[in-house]
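Inspection log for the structure reproduced underneath, given as structure tokens.
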Amino acid sequence: MNPKTVSAGGVMTGGVTGSSVLVTGGAGYIGSHAVKALADAGYDVCVFDNLSAGHREAVSRIANRYPDRRVTLVVGDVGDRAAVARALTESQAQAVMHFAARLSVGESVREPAKYYETNVTGTLAVLAAMADVGVHRFVFSSTAATFGEPVAIPIDEDHPQVPINPYGETKLAVERALGHLGAATPMRAVIFRYFNAAGADPDGLLGEDHSPEEHLIPRAIAAVMTGKPLQIFGTDYPTPDGTCVRDFVHVSDLASAHLAGLTSLEAGGASAAYNLGMGDGVSVRELVASVARVTGRDVPHVVGPRRPGDPSSLVATSARVRAALAWEPQYGDLDTIVRTAWVWHQSHPKGYGTTE
Ligand code: UFG
């Protein structure tokens, strides 16, 4: 069974069996893992995605895995307020998880207008569509990039938010808009600021497939698989081994946090913002060592200059989300995160396009 696919102007038919959620960007990396978690928890899901970066195949796989859930795909753009409103009405969604966004820091510096258009204007259109049809529960993907260069590690929710690139600015603009909307309208939002999303669905159904791929773990794995060396961007940072330090959090643990955020809104909980990370600082060199351990092979690599816009260290404290939403990450161990990614990339050397 394939997901019911309609254009943004199309009509979906069929009965809604359970509580329903609209997931923008649900064909993408983090969004698809959240869709699977929702389906697994008994929700019907309407994925709203323009497929510019997402994969129809990811939605198909979830629909096939959960035949008793209604998992649909509407191909449309988040800037199209009427199309979002129609999808909300037709799917009878009572909440929105909003993942659709542009997400590359470097690209945001080169082409900021695109980022404001998709991440700010597009999100405001989704929020307007929700108001149009009386849906007031919103779970929002934000980012550690809203903090900019940290002044204290680990970063908690009260850390100043001073982004150093347009990507972070656009996400922060939405965070601020949600605060104002919450004061003036019935809209309630849970905001999650991800640190470094990583790994793949432990069941092997879903994984990371970006084009171009810019993230460290898939690039390190590609180096193992192809023999083409990974470039380490900078070894002169003020960190223990001179390479950047990051906080890797498993994508399925991000998904479970989204579910907990949704549940809190359903229970009448207040708006809130939470950092999502494991609290473990891992340097680029330590990550490379983990990939070598997990794969049992050398990771060919060379040292290169710093990548502009990279903060030296980004490590979260997630004490607040653990306490407020009882969030308990299941895949926190670094080698476990890397292993799930390795399993995915080995079985999908060309992403969703091919499997072996
Ligand atoms: N890195 C390399 N070589 C590579 C790729 C990355 O050395 O080929 C290094 C980077 O310089 C950085 C670390 O690996 O120090 C992690 O880089 P990623 O690109 O995997 O992730 P980022 O930390 O840059 O980005 C993540 C999210 C962004 C978010 C950002 C917050 O992907 O969406 O955290 O700063 F904005």
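The first residue of the sequence shown is numbered 1, and numbering continues consecutively from there. We count ligands from 1, going down the list as the structure has it; atoms in each ligand are counted the same way. In this text, all values refer to a predicted model and were calculated from it rather than measured experimentally.
- If you check the side chains of D247 and N196, you find no donor sitting under 3.5 Å from an acceptor.
- Side-chain N/O atoms of S20 and Q92 include no donor and acceptor closer than 3.5 Å.
- Near ligand 1, L103, V105, T143, A145, Y167, N196, E214, H215, L216, R219, L230, Q231, I232, F233, C244, R246, V284, R307, D310, L314 each place a heavy atom less than 4.0 angstrom from the ligand.
- Under the 4.0 Å criterion applied to side-chain N and carboxylate O atoms, K114 and E111 are assigned as salt-bridge partners.
- One finds no salt bridge joining E157 and R193 here, because no Lys/Arg side-chain nitrogen approaches an Asp/Glu carboxylate oxygen to under 4.0 Å.
- A salt bridge does not link D40 with R69: every distance from a Lys NZ or Arg NE/NH1/NH2 to an Asp or Glu carboxylate oxygen is 4.0 Å or more.
- Stacking of R306 on the aromatic ring of Y237 is recorded, both the 6.0 Å distance cut-off and the 45° axial limit being met.
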